[in-house]
Amino acid sequence: MDEIGDQYTPADVEEAVTAYWDEHDAYEATKEAHADDPSFFFVDGPPYTSGQMHLGTAWNKTLKDAVIRYKRMTGHNVTDRPGYDMHGLPIEVKVEEELGFESKQDIEEYGMEAFIEECMRFAEENREAMDEDFKSIGAWFDWDDPYKTISPEYMEAAWYAFSQVADHGLVEQGKRSISQCPRCETGLANNEVEYDEVVDPSIYVKFPLADREGSVVIWTTTPWTIPANTFVAVSEELTYAAVRAEKDGDEELIYVAEECVEGVLKKGRYDDYAIEETLSGEEMVGWTYEHPLAEEVPDHPSFEGARTIYTAEYVEADRTGLVHSAPGHGEEDFERGTELGLDIFCPVDSDGTYTDAAGKYAGQFVREANEDIRADLEANGALLADETYEHSYGHCWRCDTGVIQLVTDQWFISITDIKDELLENIEDAEWHPQWARDNRFRDFIENAPDWNVSRQRYWGIPIPIWVPSGGTPRDEDADRSDLTEDMIVIDSRETLAAAVDQDVDPESIDLHRPTVDDLTITRDGTTYRRVPDVFDVWLDSSVATWGTLGYPGETEDFEELWPADLIIEAHDQTRGWFWSQLGMGTAAFGESPYKEVLMHGFANDKNGRKMSKSLGNIVTPEEAIDRAGRDPLRTYLLSHDQQGVDLSFEWDGLGDTVGRFNILWNVFRFPLPYMELDGYDPADADMNDGELSIVDEWVLSRLQTVKAEMDDAWDDYAVHDALNTLLDFVTEDVSRFYVKAIRERMWDESESESKLGAYATLSVVLDEVIRLLAPFAPYITERMYQRFDGEATTVHALSYPEVDSEFHDPDLEDDIAVLRAAEEAAATARQQGGRKLRWPVDRVIVASEDKAVRESIDRLSELFLDRVNSRSVEIVDTFDELVAVAEPQMSAVGPAFGADAQKVMQAVEGTTRGEIDAGIEIDGETIELADEMVEYRSETPPGITGAAFEGGTVYVDTTLTDELEAEGYARDVIRRVQQMRKDLDLDVEESIDVGLAIDDDRIAGLVDEHRELIAEEVRAETFGDDPKAAEDAVETWDVEGISVTIGIDRRRE
RNA sequence: GGGCCAAUAGCUCAGUCAGGUUGAGCGCUCGGCUGAUAACCGGGAGGUCCGCGGUUCAAAUCCGCGUUGGCCCA
């Protein structure tokens, strides 16, 4: 791995480094090097094992990897166990697809045990593929020992935590209205419901009043919930109208909110109407009505308090102002119904078909019954209007089936009971960025409902609750409070083995279903059975901070490390993992399980749109690596805001990043040939060797400033700021200024003190840059380190460079900043004066009214002269050679001179103040000019051009003398010979013979004065005047309009 | 429908917290330099600071109302 190519080729570098790491166990060496450092407990957010790495997960793992590498280099023993989230419905659905299943029934027929084995195989296969993906971007985690949510230790961690939650009285069982996927036949958490636009029926239905004339009108998009209608809700704040409406000669009385009268009448296509009476919502409370499908659904709610009008807060003056309410379905309906003490009637099964209680519709799938219900309502004369409506509607996140709202029995963690504690615990974690915590996260927690943790599925952690047989949660008659009281919550395999009636080996038992389903517990003569549900998969990852430590099975690490020092995920996890962990940590242990959060963004396409198959705008990490490389991809991702802001992926931007690595590569390989020639080993660089020049001191000082700025950025996990500060230093300071400044010194004699100083400085700068960059770009830095030093097994095991105040000289940095600005202005002035940098000038004038600027240039005058190629510099507050040039003011000249004004203008324009003062002549007559007729602008005298910089102006005197011209031409000849040497591919130290002919006698004479200089610079042994005789190369050049013919010959021994 | 975030040069982004003539890099273009050469340096062109309104002597920045995109929630 010793050859350094002329070109930076990421693929070659990365291939070589990967092989090197494998061969030398670089990862293990790195961990070993920091094994005794203070611990840093990082916890990996477990990606779900149903897909492969995409750009977003690549970013996520890259950021984590960079932080871990940085933390190690700054002296921490970092926990780097990767995690995988391997349970849950998404995998079940994928396996069902593979097996061609369509319903739960298929799973039962296939056999639960076999199905679960398939899920495990699927998850493991995906995990292995994802391992490889993550490794491919240089993510150094402990891939041999990931934590997996399906391992017995991990599942036990969930059981233990849940039992703690139960001990705190926060586990409840009860009926709740939930989103149910009728295909998966399970309840879904809110965040598992995705909203898509669908077209649904939109019907207005008349509910005939029982104790008076007329009907109330409701609107619904779910006709299938009408069989379960239990009450109608009105608003306390609305006024309602009794409307006498007429259609086709028939009259009827309907009640709607006053504001909705016109809308409803229009929908019903009534010919005419009159408002008979208005009344408040309150006045309507207690009115009763007939169920509009009374005959079709004989068992419809008719219990005490049913078919009655009540108020509810969820009623708005929308559509009709009255709301059909079915506590057996809707969440709000359920809450209000419970509040009113109404029974819950839900005639729908978990698979979305009506039960016998639905009468005529029994056995039908609810959404398919919509049409029959609509027809029956119409036949009953209850349909006021019948339309369709496009709106967003919830769908199962995995199988895309439209969800239905049902009231079922579920197990909950009563988050609402500990809300104050949750809000307090938020404060214990520091977030980057902080606004995410204080706005979004806090808002969410304030509104968080109880956490439904039960799923009626197979591939998950079985809920460790055993309840008395006959009192299962599916039993309609079971008393809820008793159930919670009587439940037994098992916290571990040991406890399980001790408690159950069967023989169980805690060492070998697999806690998955169906193994645990058959285990019973007998206590005081009562037999307990496990509730059949599994945990919501969000509960799995919520226990990650102790699950990854094997707690409670292993307690040592937990006691030492917990809670986590840092977690890193994208902003979608605010209400995902950031939340679930806080909820679980608080409910189980009373505290936040993490101390710091770094929240990054999403990787979108170049237009800021989500990458998706349907938009065809997906960029894969593989493609990015193929086109640009691993280090450039990582660096590109990390150079953008890492705190809450999305990334718009752009190929050009990735290309720019490659460009910056090219610069770094060039800086790195630039000194190598010289050092090799001198037998200089950069690893042995010693600042005491050689002599430091001002630019050496400056770049070393800049390096200290850069480290200090990077430290500040890292402290705030502003990873992008740290990286960009470093990259700017490499391109702006090291490449553009420093390397350019020391190039000449590289050609000094081998024992030159100045050269040794430059070697030492550049060695130190490169050594530190390599280490500073290592966390971001692990491959190229390893490559460079191994070429440059290589003493340690890997650069990643080394320490991060620290600020050395001995080399910090802010005043010098200020001086050089001024110098660079002035130098830039000088270059501009030269360009305007048509004098290229290779040609020396006699003098440069720096004019500044700022004393500090003048002093800076004065202190650095030698360097300044060198860089602007001038023989002298004058530093002044004002440049007194400027010429005041007259500008006629025509608003004054015109009225005074009338017809002669044009002549006056021409005579005045461009003359100097002296000439004006001496008097202007027009047609032989001297004329009088008033002060206001002329203004003056300052111009440089002939041969001098100026350009401003921040803090002053630089003037360059480009007047030629023979001496300047002689050197200029000589330098041009040198440059041409060097080009020819290079074209011949000569060795740097190889000698040549030169022949030179210049097609202008005067110039030839001038150049002749510098024969020795030329011969020395181009390593010419002989210098003749017959270029054509040369055998190796003859070329004629145009130098400033003069034809110059050069011939060169390699010296042959 | 609600909350949070974003929108500034062709592209990527600073600047917004703390109001005072919009900046940088890349790209483009013209020129220069050059034994780092697919590198490097300088000049130039290139902006309704997403829109509309308000506060203010003064708004990219503060406030309000929108538009577009992202995430989360309903």
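Letters A, B, ... are given to chains in the order of the sequence lines, protein chains preceding strands, and every chain is numbered from 1.
- With a 6.0 Å cutoff to the six-membered ring centre and a 45° limit on the axis angle, Arg627(A) counts as a cation-pi contact of Trp651(A).
- A salt bridge links Arg660(A) with Asp728(A); the closest basic N to acidic carboxylate O contact falls under 4.0 Å.
- Between Trp431(A) and Phe578(A), the distance separating the two ring centers is shorter than 6.0 angstrom.
- Listed nucleotides rG70(B), rA36(B), rG42(B) differ in distance to Glu824(A); the shortest reach to its side chain belongs to rG42(B).
- Residue side chain Arg440(A) reaches the base of rC71(B) through a donor-acceptor N/O pair under 3.5 Å, judged by distance alone.
- The P atoms of rC65(B) and rA74(B) are separated by 24 Å, rounded to the nearest whole Å.
- In the set rC40(B), rC71(B), rA38(B), rA38(B) carries the atom at the smallest distance from any side-chain atom of Asn662(A).
- Taking CG from Leu188(A) and NE2 from His395(A), the interatomic distance works out to 12.0 Å, rounded to the nearest 0.5 Å.
- Spacing of P atoms, rA24(B) relative to rG47(B), comes out at 15 Å, to the nearest Å.
- In the set rC4(B), rG32(B), rA39(B), the nucleotide with an atom closest to the side chain of Lys836(A) is rG32(B).
- Distance His600(A) NE2 to rA6(B) P: 17 Å, rounded to the nearest Å.
- With a 3.5 Å ceiling on both atom-pair distances, rA38(B) lacks any Watson-Crick or G-U wobble partner.
- Contact between the side-chain N/O atoms of Tyr674(A) and the OP1/OP2 oxygens of rA36(B) is found at a separation under 4.0 Å.
- Within the 6.0 Å centre-distance limit, the rings of Trp579(A) and Phe444(A) are counted as a close aromatic pair.
- Residue contacts for Thr828(A): at a heavy-atom cut-off of 4.0 Å it reaches the sugar-phosphate backbone alone, with no base atom in range.
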Salt bridge (charged side-chain N to carboxylate O under 4.0 Å, His left out) between Glu332(A) and Arg336(A), intermediate numbers included:
CA-CA 6 Å; Glu332(A) 290 176 319; Arg336(A) 183 65 178 133; over 6 Å; no
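- Summarising the base pairing, rG23(B) is matched to rC13(B) through a Watson-Crick or G-U wobble pair whose two defining distances lie under 3.5 Å.
- Among the heavy atoms of the strands, none lies under 4.0 Å from Arg830(A).
- With a 3.5 Å ceiling on both atom-pair distances, rG47(B) lacks any Watson-Crick or G-U wobble partner.
- A gap of 27 Å separates the P atoms of rU48(B) and rG64(B), to the nearest Å.
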Check the pair Tyr759(A) / Tyr674(A) against ring-ring contact (aromatic ring centres under 6.0 Å, His included), numbers first and verdict last.
CA-CA 9 Å; Tyr759(A) 277 175; Tyr674(A) 308 104; 7.6 Å; no
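- Counting any heavy atom pair closer than 4.0 Å across all strands shown, Lys610(A) reaches sugar-phosphate atoms only and no base atom.
- Nucleotide rU68(B) forms a Watson-Crick or G-U wobble pair with rA6(B), both donor-acceptor distances falling under 3.5 Å.
- Between Ser202(A) and Trp219(A), the side chains place a donor N or O and an acceptor N or O closer than 3.5 Å (distance only, hydrogens not considered).
- Figure legend. rA58(B) is base-paired to no nucleotide; pairs are counted as Watson-Crick or G-U wobble with both atom distances under 3.5 Å.
- Residue Leu188(A) contributes atom CG, which lies 12 Å from atom P of rA74(B) at whole-angstrom precision.
- The partner of rG1(B) is rC73(B), judged by Watson-Crick or G-U wobble contacts that both fall below 3.5 Å.
- What separates CH2 of Trp579(A) from C1' of rC4(B) is a distance of 18 Å, to the nearest Å.
- Using P as the reference atom, rA9(B) and rG51(B) are 11 Å apart when rounded to the nearest Å.
- rA59(B) and rG1(B): their C1' atoms are spaced 32 Å apart (whole Å).
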Could you please spell out the steps behind the side-chain contact (heavy atoms from CB on, under 4.5 Å) verdict for Val719(A) and Phe776(A)?
CA-CA 9 Å; Val719(A) 178; Phe776(A) 309 97; 3.6 Å; yes
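- If you take CG of Leu664(A) and P of rC40(B), they are 12 Å apart, rounded to a whole angstrom.
- When the P atom is compared between rA45(B) and rU8(B), the two are found 22 Å apart, to the nearest whole Å.
- Using a 4.0 Å heavy-atom criterion, one finds that Ser735(A) contacts the bases of the nucleic acid, with or without backbone contacts as well.
- Each of Arg609(A) and Gln979(A) has a nearest nucleotide on RNA chain B; the 5'-most of these lies closest to Gln979(A).
- As rounded to the nearest Å, rU21(B) and rA38(B) have P atoms that lie 43 Å from one another.
- Distance, Asp605(A) CG to rG70(B) P: 9 Å, rounded to whole Å.
- The side-chain tip of Arg867(A) points at the ring of Phe737(A) from less than 6.0 angstrom away and within 45° of straight on.
- Partner assigned to rC33(B) is none, using Watson-Crick or G-U wobble distances below 3.5 angstrom.
- Contact annotation for Phe737(A): no contact, since no heavy-atom pair falls under 4.0 Å across all strands.
- For rA60(B) and rG20(B), the C1' atoms lie 13 Å apart once the distance is rounded to whole Å.
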Heavy atoms under 4.0 Å is the rule here; annotate nucleotides 11-26 of chain B 5' to 3' with B where the base is hit, S where only the sugar-phosphate is, and - elsewhere.
SSSS----------SS
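- Nearest-nucleotide positions on RNA chain B place Lys982(A) closer to the 5' end than the other of Gly608(A) and Lys982(A).
- rA6(B) atom P lies 10 Å from atom CE of Met599(A), rounded to whole Å.
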